[in-house]
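Below is one structure, written out as structure tokens, with a few remarks after it.
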Number of protein chains: 2
Amino acid sequence: MPRTINIAEKIEQLRTFHAIEQRDPTFAELAELFGYRSKNAVYGPLQKLIQLGYIQQKRSGRLTLTPKITGSSRLLGTVQAGFPSPAEEELIDTINLDQYLVRNPEATYLLTVSGDSMIEAGIHPGDIVLVEKGNPPKKNDIIIAQVDGEWTMKYFGKDKQGVYLDPANKAYQRIRPERSLSIGGIVKAVIRKYS
Amino acid sequence: MPRTINIAEKIEQLRTFHAIEQRDPTFAELAELFGYRSKNAVYGPLQKLIQLGYIQQKRSGRLTLTPKITGSSRLLGTVQAGFPSPAEEELIDTINLDQYLVRNPEATYLLTVSGDSMIEAGIHPGDIVLVEKGNPPKKNDIIIAQVDGEWTMKYFGKDKQGVYLDPANKAYQRIRPERSLSIGGIVKAVIRKYS
DNA sequence: ACCTTATCTGAACGTTCGTTCAGTTTAAAA
DNA sequence: TTTTAAACTGAACGAACGTTCAGATAAGGT
């Protein structure tokens, strides 16, 4: 049998390339990156990288790196399950937080939270909420709503008397929209950034 | 004076192109996208788009779209400040959550939270924490630490007696590492995804 | 109405692109 | 050691790339 190729090494090289150039590589660049003197030599490793989902090839023949390469965060286990050693990290895929959190970019908005009416739901002032418009809310969804002219964030609920909005703070009371209620979207994620 | 160009329309067209093709456009594709019959015609609008930070041009001449185009979330104001109408949304830039949260991709990890020891800091079981390795923690940083063989998430602190770790839950007590303390990283962000 | 000038067209250029092919090299299997 | 087949080289191909240029077009100012 002929030589074998080291795919893990190439994945790291692809990450390095993308970190520096911030774009997709060409065949010639892949050849140089992998240490080949011929562009043709990349076809072998490339097929495996495509199969493993690290690279896609468009109809035009051009290559694009997937979030497995371009993603910026490595998803590991739980805190209690232990923290992996640097040696174990080598082959762990990266994910893209945008694609993880955002389903429909055109209907998604970020809002900064002010006020403490949802604090018992772990949503603090200064947090950022990711809001998705378009779908009707279900019970216990956290929504952005305009009640009688004012925008707020509350739990959504419905009963025989109609729609109600609950805060997650005992200092505030349930709201029953009197005149109007318009829904700005459903809170799909909460993001808190430190320092 | 000759004709004027509509830059806002082109920004939307670029977003559409990226949403469909998921890659950077060529000059020929830009010409078709903008409705020109000549590639040369894109140079005018392109200069403005580059100036405004929507497109970058690499040394090779190739174009790359910036997160202002490729980002998947539009950053708006605060909840109380009001929710913008669809008409106002047209020209709002998008941001990339990865680039917003991740400073050094190679030193960044995501961990799923188990346990409720940080619940009073608004970090719930099931939340995802974004951990950055490499820098020493400051007081009141939330850190991932291995204390006497077990990994936990706690507030970091230091006094005359040495290092201590505080939970954000009155049911738990302050920990003073007896044998060993190794730090897995500093919690830079908390992400909670609903449904 | 005419003039002016940025915008746009259409064609051409050298370069680089992805692809292909014949032939060489190389390491594992026999 | 010999055999064998995958890995790799180096060259070539048409196509598409970004760029450039002379000239046509068309809208705004006068």
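Each chain gets a letter, A, B and so on, in the order its sequence line appears, and its residues count up from 1. Side chains included, hydrogens not; waters and symmetry mates left out as well; all remaining heavy atoms used.
Note: NZ (B:Lys48) to P (C:dC8) measures 9 Å, nearest angstrom. In this entry the distance linking CZ of B:Phe27 with C1' of C:dT16 reads 15 Å, nearest Å. Nucleotide D:dC17 holds its P atom 15 Å from the CZ atom of A:Arg23, rounded to whole Å. Taking atom CZ of residue B:Arg59 and atom C1' of nucleotide D:dG18, one finds them 16 Å apart after rounding to whole Å. When the C1' atom of C:dT7 is taken as reference, atom CZ of B:Arg37 falls 14 Å away, rounded to whole Å. One can place CD of A:Glu32 at 11 Å from P of C:dC17, the figure rounded to the nearest angstrom. D:dC17 atom P lies 11 Å from atom CG of B:Leu30, rounded to whole Å. Atom CD in B:Gln47 sits about 11 Å away from atom P in C:dT7, given to the nearest Å.
Annotation: cation-pi pair B:Lys39/B:Phe27 absent, no NZ/CZ under 6.0 Å from the ring centroid and within 45° of its normal. In this structure, A:Lys188 fails the cation-pi test against B:Tyr194, since its NZ or CZ atom is not both closer than 6.0 Å to the six-membered ring centre and inside 45 degrees of the ring normal. A cation-pi arrangement is found for A:Lys68 relative to A:Tyr54, the charged atom lying closer than 6.0 Å to the ring centre and inside a 45° cone about the ring normal. Both tests pass for B:Lys193 against the ring of A:Tyr100: distance under 6.0 Å to the centre and angle within 45° of the axis.
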What's touching nucleotides 20-22 of chain C from the protein side, N or O pairs under 3.5 Å?
{"unit_1": "C:dC21", "atom_1": "N4", "unit_2": "A:Asn40", "atom_2": "ND2", "d": "2.7"}

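Of the possible polar contacts, one joining the B:Glu120 side chain to the B:Lys170 backbone as a donor-acceptor pair under 3.5 Å is found. No donor-acceptor distance shorter than 3.5 angstrom exists from the side chain of A:Ser72 to the backbone of A:Asn96, with no hydrogens or angles considered.
A sub-4.0 Å separation between OP1 or OP2 of C:dC17 and a side-chain N or O of A:Gln57 is absent.
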